[in-house]
Asker: 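Below is the structure I would like to discuss, written out as structure tokens.
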Number of protein chains: 2
Amino acid sequence: MKPSTSTQDYLKTIYELTENGSPASTNDLARELNIKPASVTGMIQKLAGEKPALLEYQKHQGVTLTSAGKKAALEVIRHHRLLETWLVQTLGYSWDEVHEEAERLEHVISEDFERRIAAALGHPLRDPHGELIPTADLKMPLDDSTPLSALRKDQTGKILSIKGADANLLRHLEELGLTPNTPIEVISYSPFDHNLTVKVNKKTHVLGLNITSKIFIEET
Amino acid sequence: MKPSTSTQDYLKTIYELTENGSPASTNDLARELNIKPASVTGMIQKLAGEKPALLEYQKHQGVTLTSAGKKAALEVIRHHRLLETWLVQTLGYSWDEVHEEAERLEHVISEDFERRIAAALGHPLRDPHGELIPTADLKMPLDDSTPLSALRKDQTGKILSIKGADANLLRHLEELGLTPNTPIEVISYSPFDHNLTVKVNKKTHVLGLNITSKIFIEET
DNA sequence: TCTAAAATTTAGTCTTGCCTAAATTATTTT
DNA sequence: AAAATAATTTAGGCAAGACTAAATTTTAGA
């Protein structure tokens with residue numbers, strides 16, 4: 001059986017929350033899904049007890065995905081990122097407008113649709129935010145990029161992706177010229193306040209780690 | 001409140017079933033929606049009793065849409081037909097493959113998305129099946145076409161639309177060359193068995209009324 | 001017109017997925 | 001280590017929307 005929209009949202013969110021290696025907590029899931037913690041408990045208990053279990057769960061220990069769950073999550077994430085790419089390229093959506101639309105479409109498109117847009121786009125590796133797109137056989141490609149915050153004086157690179165920003169921040173970053181594919185150069189770095197001074201599109205900006213830690217680059 | 005997917009399906013189906021002027025029966029709705037009649041009764045009772053009533057209903061008398069219901073129905077139908085057009089034009093879907101995909105997408109796209117594809121397609125009047133697309137202000141344009149079955153010997157026309165055929169029949173018609181925009185010429189007509197002999201793409205076919213009555217043309 | 005068949009409605013259930021309130025278990029603080 | 005706080009789970013409910021079985025109404029045929 002195809003997972004419900006709701007199940008897909010849980011799996012996708014658990015995937016993202018467990019990318020750091022540790023299990024996802026009930027509370028974090030509740031926050032990300034805009035759902036009450038008690039509801040999350042009920043749902044994960046159900047999902048952990050299905051025929052092919054989608055996730056691993058022990059009381060008070062948080063959840064992780066089984067390989068079946070991971071596949072299902074990557075399927076949704078692939079849909080989402082292909083859709084964002086597609087909407088930007090063919091309908092002129094801007095970088096920060098596509099998320100919501102893709103969030104709804106990702107649950108209803110067919111595998112055929114997925115194949116068609118992937119082919120039409122030339123099987124892209126990253127979406128407009130710079131995020132890696134899971135492959136057709138549902139594996140997440142390795143990320144060879146570096147966080148911007150790891151760059152030091154005089155290093156240069158090209159922005160690959162900007163993660164975990166909300167629509168407002170995305171718009172702000174776009175105004176600064178901080179969008180994927182932009183070349184960047186580090187002017188200075190302060191180890192005390194963790195401020196990074198960078199040159200982007202000939203303009204200089206000072207960035208706090210709270211922003212820079214979300215930006216990934218490819219060194220050049 | 002935006003109508004649920006289920007409500008949208010009811011409204012769309014009622015719209016189609018009442019295009020002939022008479023109310024839609026519980027049984028017909030159940031058949032079209034693949035739902036048991038008892039469930040339909042429950043649902044239409046609910047919809048008839050909402051704040052702005054979406055439909056008019058009296059026991060055993062069938063249902064018709066209120067103007068609010070009609071608007072909501074046309075919204076869904078507009079989505080559906082724009083989506084079909086868009087999928088065919090930009091992703092190379094064939095004429096008979098698009099229906100299912102549009103059936104799911106129609107419920108989740110935003111008004112912004114609707115505007116974008118309408119503009120990208122140049123605000124088309126008809127979808128790939130030849131059906132009229134409701135306008136942006138949710139009115140159904142007048143249909144100036146004629147049923148193929150009204151054509152008589154030596155008349156010619158251009159196929160505009162093919163209605164109410166399932167996927168198998170659509171494929172069959174496509175094989176015969178009977179697709180929208182195809183010029184057509186009547187060779188003969190038999191008033192006895194209602195068989196119509198037509199020439200399409202230089203080939204001659206005999207059509208029974210059960211087929212021809214679903215095909216609409218524009219006389220030339 | 002009376003009756004049998006067909007259509008419709010009522011009544012009562014079920015599943016999904018969410019909620020609140022209260023109870024329990026973990027984690028911190030002192 | 002006990003107490004306070006935070007996180008999690010349990011229990012009980014609710015709304016949507018579908019189903020089955022049984023009752024009722026309409027329609028049609030003899």
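To find a chain, count down the sequence lines: A is the first, B the second, and so on, and within it residues start at 1. If you're wondering where the values come from, they're calculated on a predicted model, not measured in any experiment.
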Asker: Just to verify, what does A:Ala119 make a side chain to side chain contact (heavy atoms under 4.5 Å, CB included) with, not counting sequence neighbours?
Answerer: A:His123

Asker: Within this structure, what is the NE2-to-P distance between A:His60 and D:dT10, rounded to whole angstrom?
Answerer: 7 Å

Asker: Heavy atoms within less than 4.0 Å of DNA chain C: which residues of residues 50-58 of chain A have one? Give them sorted by number.
Answerer: none

Asker: Quick one: sort the A:Phe113 and B:Tyr93 rings into parallel, tilted or perpendicular, breaks at 30° and 60°.
Answerer: tilted

Asker: Enumerate the ring pair (Phe, Tyr, Trp, His ring centres under 6.0 Å) contacts for residues 13-61 of chain A, please, sequence neighbours excluded, ordered by first and then second residue.
Answerer: none

Asker: Atom NE2 of B:His107 to atom C1' of D:dA16: distance rounded to whole Å?
Answerer: 16 Å

Asker: Hey, does the side chain of B:Gln61 come within less than 4.0 Å of D:dT26's phosphate (OP1/OP2), counting only N and O?
Answerer: no

Asker: Tell me if a side-chain donor or acceptor on B:Glu106 pairs with a main-chain N or O of B:His79 at a distance below 3.5 Å.
Answerer: no

Asker: Quick one: list whatever passes ring pair (Phe, Tyr, Trp, His ring centres under 6.0 Å) with B:His205, sequence neighbours left out.
Answerer: none

Asker: Between N or O atoms, less than 3.5 Å apart, protein on one side and nucleotides 16-22 of chain C on the other: list the pairs.
Answerer:
unit_1 : atom_1 : unit_2  : atom_2 : d
C:dG17 : OP1    : A:Ser4  : OG     : 2.5
C:dG17 : OP2    : A:Lys46 : NZ     : 2.4
C:dC18 : OP1    : A:Ser6  : OG     : 3.2
C:dC18 : OP2    : A:Tyr10 : OH     : 3.3
C:dC19 : OP2    : A:Lys36 : N      : 2.9
C:dC19 : OP2    : A:Ser39 : OG     : 2.8

Asker: Who pairs with A:Asp137 by side chain to side chain contact (heavy atoms under 4.5 Å, CB included), at least two apart in sequence or on another chain?
Answerer: A:Thr135, A:Lys139

Asker: Filter on salt bridge (charged side-chain N to carboxylate O under 4.0 Å, His left out), then keep only pairs touching residues 15-36 of chain B, sequence neighbours left out; what's left?
Answerer: B:Asp28-B:Arg31

Asker: Any pair with a residue in residues 61-79 of chain A that passes salt bridge (charged side-chain N to carboxylate O under 4.0 Å, His left out), sequence neighbours left out, goes on the list, sorted by first then second residue, please.
Answerer: A:Arg78-A:Glu114

Asker: Of all residues at least two apart in sequence or in a different chain, which pass the ring pair (Phe, Tyr, Trp, His ring centres under 6.0 Å) check with B:His80?
Answerer: B:His99

Asker: Does the side chain of B:Lys59 get closer than 4.0 angstrom to OP1 or OP2 of C:dA7 through an N or O atom?
Answerer: no

Asker: Pull out every residue in residues 12-32 of chain A that has a heavy atom closer than 4.0 Å to any atom of DNA chain C, ordered by number, or say none.
Answerer: none

Asker: Using a cut-off of less than 4.0 Å, is there contact between a side-chain N or O of A:Gln45 and OP1 or OP2 of D:dT10?
Answerer: yes

Asker: With sequence neighbours left out, what residues match B:Glu50 under side chain to side chain contact (heavy atoms under 4.5 Å, CB included)?
Answerer: B:Lys46, B:Leu47, B:Leu54

Asker: Could you tell me which residues satisfy side chain to side chain contact (heavy atoms under 4.5 Å, CB included) with B:Gln61, sequence neighbours excluded, listed by chain and number?
Answerer: B:Gln58

